[in-house]
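The structure appears right after this line, and notes come after that.
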Amino acid sequence: MSKLVVASIGPASSVQDGGRPGSQRYGLTPSGAMDRLALAAANALVGNELFAAAIEIGPFGATFTARGGAVRVGLAGASRNAEIGGRAIAVNSSAALADGETLTLGFARGGSFSYLAIEHGIEGEPMFGSLAVNARAGLGSPYPRPLQDGDELTTQAASGAAERRIELPATNDAPIRIVFGPQDDEFSEESKKLFLDSEWKISATSDRMGYRLEGPVIKHLDGHNIVSDGTVNGSVQIPGNGQPIVLMPDRGTSGGYPKIATLISADFGRFAQISAGRPFRFKAVTMAEAQAEASKFQELLRSLPERLRGIEDFGLNVEALRDANVAGQAVSAVDAATWQVAVP
């Protein structure tokens, strides 16, 4: 067996998989990856089941060291610098760490979460059918909490398969699409218009349970208390202060605040990747449009194995690339003559 040892890691990083579907009937939150597409892409790169357990890495950097044998990983999600022993590793590609080698990941750019899948998966004891961590509930395996320095993730030795990359649709900054309801009748037409017409930001106090939004106050027609009912990923609750909270995978299974809207499932991962403080807007769509987008998203997930491509090892010099002057002209990552390495 091989191990991937956590040498250092920031907060908001844990083992996540596809979650615990069907568990809400027992009052158990589903948990699972914030960005299911990125999780599936990382697993596809190393030949795992699409929603197998992987490491969900938050906005800060992390380093991992292979022990006891080679470890092969796939990296997808938010863009960030990545290297193994001075070799640059691209996001949306796979790479192998020899025994004793270290993978270094920088801060996330243009997103919040990256996913590091390990070939053959992560050894652990499923809890209610999943390894997904929910720290509040003390659920998850091999550690029922966020990852910490010194943690060890056990897996089988790397297969030696050829490394691959995956071609994914380009991300965009289009508005996050919602369907109004189920309690949009608790709000006036003016409040719903304000919700759609306003620019919103995600508060730094947000977490895997809920994203708190910063923006205008959304007023209720008749108070903020309702009989508690079920929630889903993307439920937009409006508490008494009028500041929306979008419920995320570690949410409660029911809630007693009116829900003005629900994010469509196809946009949930894109919403989860929005960095704190970056502005965005909402756009209302019909239920039929939401269902059509959900079908497209499922088709995208099914197509991931077909999007894999072989990659060549160009032996990139990471130190030289860091010093490259990329402003004002084309720079080729595989042509050192274009890097304009700084003169000592």
Side-chain angles (χ1 to χ4, degrees), residues 9-21 29-46 48-60 62 73-80 82 90-94 105 107-118 122 130-134 140 146-147 166-178 202 206-211 232-235 246-251 262-276 278 280 293-294 296-304 307:
I9 199 163
S13 299
S14 60
V15 172
Q16 297 294 336
D17 55 22
R20 300 178 174 86
T29 186
S31 299
M34 298 281 267
D35 184 347
R36 290 171 62 84
L37 175 59
L39 170 69
N43 276 310
L45 284 163
V46 291
N48 295 345
E49 294 292 324
L50 294 185
F51 297 117
I55 304 172
E56 181 178 84
I57 302 167
F60 300 94
V73 297
L75 178 65
S79 178
R80 61 179 79 213
V91 175
N92 295 330
S93 69
S94 66
L105 301 176
F107 286 77
R109 301 190 305 271
S112 296
F113 296 97
S114 300
Y115 292 82
L116 191 69
I118 303 173
I122 296 172
S130 169
L131 301 186
V133 169
N134 183 321
L147 289 172
I166 192 166
E167 297 180 351
L168 298 177
T171 57
N172 60 70
D173 292 326
I176 301 298
R177 291 167 291 185
I178 58 97
I202 295 171
S206 300
D207 57 20
R208 284 182 47 86
M209 187 173 183
Y211 276 14
V232 297
N233 284 349
S235 291
V246 182
L247 301 187
M248 306 304 283
D250 285 353
R251 59 191 158 76
T262 306
L263 274 59
I264 71 169
S265 58
D267 281 2
F268 184 79
R270 185 162 62 88
F271 172 77
Q273 290 283 15
I274 297 175
S275 304
R278 182 161 69 86
F280 69 94
E293 291 302 318
K296 291 179 184 178
F297 184 73
Q298 291 301 317
E299 182 56 37
L300 173 58
L301 291 174
R302 286 191 290 269
S303 75
L304 290 180
R307 293 171 172 270

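Each residue takes its place number in the sequence, starting with 1.
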Any donor-acceptor N/O pair, D267 side chain to R177 backbone, under 3.5 Å: yes

Please check: side-chain N/O of T29 versus main-chain N/O of P249, any donor-acceptor pairing under 3.5 Å? yes

How about F60: does its CZ atom have over 12 heavy atoms from other parts shown lying under 6.0 Å from it? no

Checking side-chain contact (heavy atoms from CB on, under 4.5 Å) against S31, which of R208, M248, R251 comes through? R208

Ignoring hydrogens, what is the shortest heavy-atom contact between I55 and L147? Give both atom names and the distance. CG2-CD1, 3.6 Å

Between R307 (side chain only) and E167 (backbone N and O only), is there a donor and an acceptor less than 3.5 Å apart? yes

How about R270 and N172: do any of their side-chain heavy atoms sit closer than 4.5 Å? yes

Here the gap from S14 atom OG to I9 atom CD1, rounded to the nearest 0.5 Å, amounts to 8.5 Å

Would you call N43 and Y115 a side-chain contact if the rule is heavy atoms closer than 4.5 Å? no

Taking it one step at a time, do Q273 and F113 satisfy side-chain contact (heavy atoms from CB on, under 4.5 Å)? CA-CA 6 Å; Q273 290 283 15; F113 296 97; 3.9 Å; yes

Taking all atoms of both residues into account, what is the closest heavy-atom pair of A132 and R20, and its distance? O-NH2, 2.8 Å

Would one find more than 12 heavy atoms of other residues, nucleotides or ligands at under 6.0 Å from atom CD of E49? no

Of the non-hydrogen atoms in F268 and L263, which two are nearest, and what is the gap between them? CD1-CD2, 4.3 Å

Rounded to the nearest 0.5 angstrom, the CG-CD distance for D250 and Q16 is 6.5 Å

Using a 3.5 Å distance criterion without hydrogens, assess whether the side chain of S114 forms a donor-acceptor pair with backbone atoms of A78. yes

Taking K296 first and then E299, would you say they form a salt bridge - that is, a charged N and a carboxylate O separated by under 4.0 Å? no

For the residue pair Y211 and F271, categorise the inter-ring angle as parallel (less than 30°), tilted (30 to 60°) or perpendicular (more than 60°). tilted

So I176 and I264, side-chain contact (heavy atoms from CB on, under 4.5 Å) or not? Walk me through it. CA-CA 8 Å; I176 301 298; I264 71 169; over 6 Å; no

To check you understand the geometry: which heavy-atom pair defines the closest contact between S112 and I274, and what is its length? OG-O, 3.5 Å

What are the two closest non-hydrogen atoms of A117 and N48, and how far apart are they? CB-ND2, 4.4 Å

Passes side-chain contact (heavy atoms from CB on, under 4.5 Å), L75 versus L105? Steps please. CA-CA 10 Å; L75 178 65; L105 301 176; 4.0 Å; yes

Any heavy-atom pair between the side chains of D173 and R278 that's under 4.5 Å? yes

Locate the shortest heavy-atom distance separating L301 from L50; write the atom from each residue and the value. O-CD1, 3.5 Å

Approximate separation, where rounding is to 0.5 Å, of M34 CE and D207 CG: 8.0 Å

Does S275 reach the main-chain N or O of G111 with its side chain, forming a donor-acceptor pair under 3.5 Å? yes

